[in-house]
Amino acid sequence: MKSLEPELPQVSLSLLGHGIDLDATLTSGQTFSWKRNADGRWRGWIDGRPCLVWTQGDALRAVGPSLTHAAVTRYFGLDVPMREVFASFPSDPWLDRARAFAPGLRILRQEPWETLCNFISSSLKQIVQIQQINHDLRHAFGRQIGEELYSFPDAARLALAPESQLRACRLGFRAKHLFTAARQIASGEVLLERVATLPTVEAREELMRIRGVGAKVANCILLFAYGRIEAFPIDVWVERVLRRLYFNDRPSVTTERMRIFADRHFGPYRGYAQQFLFHWIRKDPKALPEGRKVPVKKASAARVRATSG
DNA sequence: ACCCAGGACTGAT
DNA sequence: ATCAGTCATGGG
């Protein structure tokens, strides 16, 4: 079926990349719909529009329909003063090592709705599986706007989807969470646009009213969609690296204790510290050389509201 | 077969 | 408020 989209003008942009590393940024577990071409260029979506991006020297180049300089800058966080972020970091040899591993890693500002769906889908899933779920949702419920190009379905569309059809997208027990979340958004029970206007603590509370959204998923949405780089999501990897490097592998240290430590230790831009650490321990085989894998204490089910981050 | 995955929800204390 | 069990599915 051919596209019913009006022909949008193709735009070709070149902007200062400020040292962005697309490979690190787009494979660091914050986005799940970009694909790497054989030539190293990346195909994906910015604000719901398909595009192709790559780096050329110090330039970031982007091609796609109706792209704007402002949209690309915002999406890739090129307006974030990384100098200031780095200057705010504590003197910490572990964080230094994580930074040095991928200094061009950047935190994206993605669409809240798709980010919400991705991280509802993420619980107890590996990153490659989240990518597959995103792909399946697009093909099952999105609009085809080109060859092998499917938009991400909006909340109203998913709110009409039979749960059996959602389960076919490998969502498992997350299917009912996603379905309920879609109805909450489509009905206006939770307004994702309003979340953007709230202070981070209140924004997190609002997001946690959504089915399937606990503290960790809410922090991922705040960090990867709303640009709240004070958010500090603690998943099994971050919990593992914090426990090993800062708590001597003590199994009694709770996730909440680590959150308090992280809020104080990593400073106002701790979301970036978190992302450097996460990417480093997952991708660098030499990270945590002496680190035996300690079993991770399960996080408490309580929805913590007392602290920020 | 076994363990793990960018966890959240439910029900029992 | 905290804790253990449960929830599906695919990778290694």
Side-chain angles (χ1 to χ4, degrees), chain A residues 24-34 98 105 107-108 110 114-137 163-181 184 204-205 207-225 228 231-243 251-260 262 270-283 285 287 291-307 309:
Chain A
T25 298
L26 299 177
T27 65
S28 63
Q30 55 178 319
T31 186
F32 305 94
S33 52
W34 289 86
L105 176 60
I107 289 175
L108 304 171
Q110 304 173 76
E114 182 178 349
T115 307
L116 166 64
C117 293
N118 282 339
F119 281 98
I120 285 177
S121 308
S122 78
S123 86
L124 227 46
K125 280 288 188 189
Q126 297 179 147
I127 288 173
V128 287
Q129 297 173 311
I130 304 167
Q131 293 171 341
Q132 190 61 56
I133 290 169
N134 183 284
H135 173 274
D136 287 355
L137 288 173
E163 187 176 322
S164 62
Q165 206 174 341
L166 281 175
R167 281 186 176 273
C169 296
R170 318 179 201 200
L171 280 160
F173 61 82
R174 306 154 198 81
K176 59 180 177 299
H177 292 167
L178 188 60
F179 178 65
T180 303
Q184 286 180 280
R204 177 167 36 245
E205 290 177 2
L207 288 172
M208 288 174 66
R209 294 176 52 213
I210 302 170
R211 184 75 181 196
V213 179
K216 187 269 174 183
V217 167
N219 280 324
C220 284
I221 300 167
L222 288 171
L223 184 58
F224 302 136
R228 306 296 178 94
F232 194 95
I234 301 179
D235 76 318
V236 291
W237 289 94
V238 174
E239 182 163 331
R240 184 178 297 144
V241 72
L242 292 181
R243 187 185 306 280
S252 62
V253 179
T254 64
T255 306
E256 181 52 25
R257 174 73 186 86
M258 292 189 214
R259 178 187 313 286
I260 293 168
R270 51 191 173 272
Y272 255 104
Q274 177 276 153
Q275 197 64 6
F276 282 118
L277 289 169
F278 176 82
H279 184 66
W280 172 54
I281 59 166
R282 288 193 63 251
K283 298 283 186 156
R292 66 185 190 282
K293 298 227 169 179
V294 294
V296 175
K297 184 179 185 302
K298 294 298 289 182
S300 165
R303 295 191 166 199
V304 180
R305 292 191 162 84
T307 60

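Note on naming: letters A, B, ... go to the chains in the order of the sequence lines (proteins, then strands), and numbering restarts at 1 for each one. Predicted, not measured: the structure shown is a model, and the values here were computed from it.
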(request) Using a 4.0 Å heavy-atom cut-off across all strands, classify A:Ser28 as base, sugar-phosphate, or nothing. (result)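 Answer is base: heavy atoms of A:Ser28 come under 4.0 Å of a base.
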(request) Have a look at A:Phe224 and say if it touches a base, only the backbone sugar-phosphate, or nothing, with a 4.0 Å heavy-atom cut-off. (result)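 The residue A:Phe224 makes base contact.
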(message) I'd like the P distance from C:dG5 over to B:dG6, given in whole Å.
(response)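 So the two P atoms sit 24 Å from each other.
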In whole angstroms, how far is the [atom2] atom of [N] from the [atom1] atom of [X]?
| X | N | atom1 | atom2 | answer |
| --- | --- | --- | --- | --- |
| A:Ile234 | B:dG7 | CD1 | C1' | 13 Å |
| A:Gln184 | B:dA8 | CD | C1' | 13 Å |
| A:Arg174 | B:dG7 | CZ | P | 9 Å |
| A:His177 | C:dC7 | NE2 | C1' | 8 Å |
| A:Trp237 | B:dG7 | CH2 | C1' | 16 Å |
| A:Leu207 | B:dG7 | CG | P | 17 Å |
| A:Ile221 | B:dA8 | CD1 | C1' | 13 Å |
| A:Ile127 | B:dG6 | CD1 | C1' | 6 Å |

(message) Is it the case that B:dG6 (base atoms only) and A:Gln274 (side chain only) share a donor and an acceptor within less than 3.5 Å, ignoring hydrogens and angles?
(response)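 Under the 3.5 Å cut-off, the side chain and the base do form a donor-acceptor pair.
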Identify all side-chain donor-acceptor contacts of residues 120-128 of chain A below 3.5 Å with residues at least two apart in sequence or on another chain.
from: A:Ser121; atom 1: OG; to: A:Cys117; atom 2: O; distance (Å): 2.7
from: A:Ser122; atom 1: OG; to: A:Phe119; atom 2: O; distance (Å): 2.8

(message) Measuring from the side chain of A:Arg170 (C-beta onward, heavy atoms only), which nucleotide among C:dG10, B:dG6, B:dG7 has the closest atom?
(response)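 Of the options given, the side chain of A:Arg170 lies nearest C:dG10.
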(message) Measuring from the side chain of A:Gln129 (C-beta onward, heavy atoms only), which nucleotide among B:dG7, C:dG10, B:dG6 has the closest atom?
(response)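 Nearest nucleotide to the side chain: C:dG10.
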(request) Look at the side chain of A:Gln274 and the backbone N and O of A:Val238, then say whether any donor-acceptor pair between them is shorter than 3.5 Å. (result)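 No, A:Gln274 side chain to A:Val238 backbone: no donor-acceptor pair under 3.5 Å.
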Is any side-chain N or O of [X] closer than 4.0 Å to OP1 or OP2 of [N]?
| X | N | value |
| --- | --- | --- |
| A:Arg211 | B:dT10 | yes |
| A:Arg240 | B:dA5 | yes |
| A:Arg167 | C:dA8 | yes |

(message) I'd like to check, for A:Phe278, whether its ring lies over the base of B:dG6 with centroids under 5.5 Å apart and a plane angle smaller than 30°.
(response)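 Here A:Phe278 meets both the 5.5 Å and the 30° conditions.
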(message) Go nucleotide by nucleotide along DNA chain C from the 5' end; which of A:Gln126 and A:Gly172 gets its closest nucleotide reached first?
(response)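 Checking each residue's closest nucleotide, the 5'-ward one belongs to A:Gly172.
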(request) Output all residues satisfying side-chain hydrogen bond (donor to acceptor under 3.5 Å, both in side chains) with A:Arg228, sequence neighbours left out; order by chain, then residue number. (result)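 side-chain hydrogen bond (donor to acceptor under 3.5 Å, both in side chains) list for A:Arg228, sorted by chain: A:Thr200.
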(request) Using a strict cut-off of less than 4.0 Å between a Lys/Arg side-chain nitrogen and an Asp/Glu carboxylate oxygen, indicate whether A:Glu163 and A:Arg167 qualify as a salt bridge. (result)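 Between A:Arg167 and A:Glu163 there is a salt bridge, with a charged N closer than 4.0 Å to a carboxylate O.
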(message) Side chains of A:Thr254 and A:Glu256: any donor to acceptor distance under 3.5 Å?
(response)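 Result is no, nothing qualifies.
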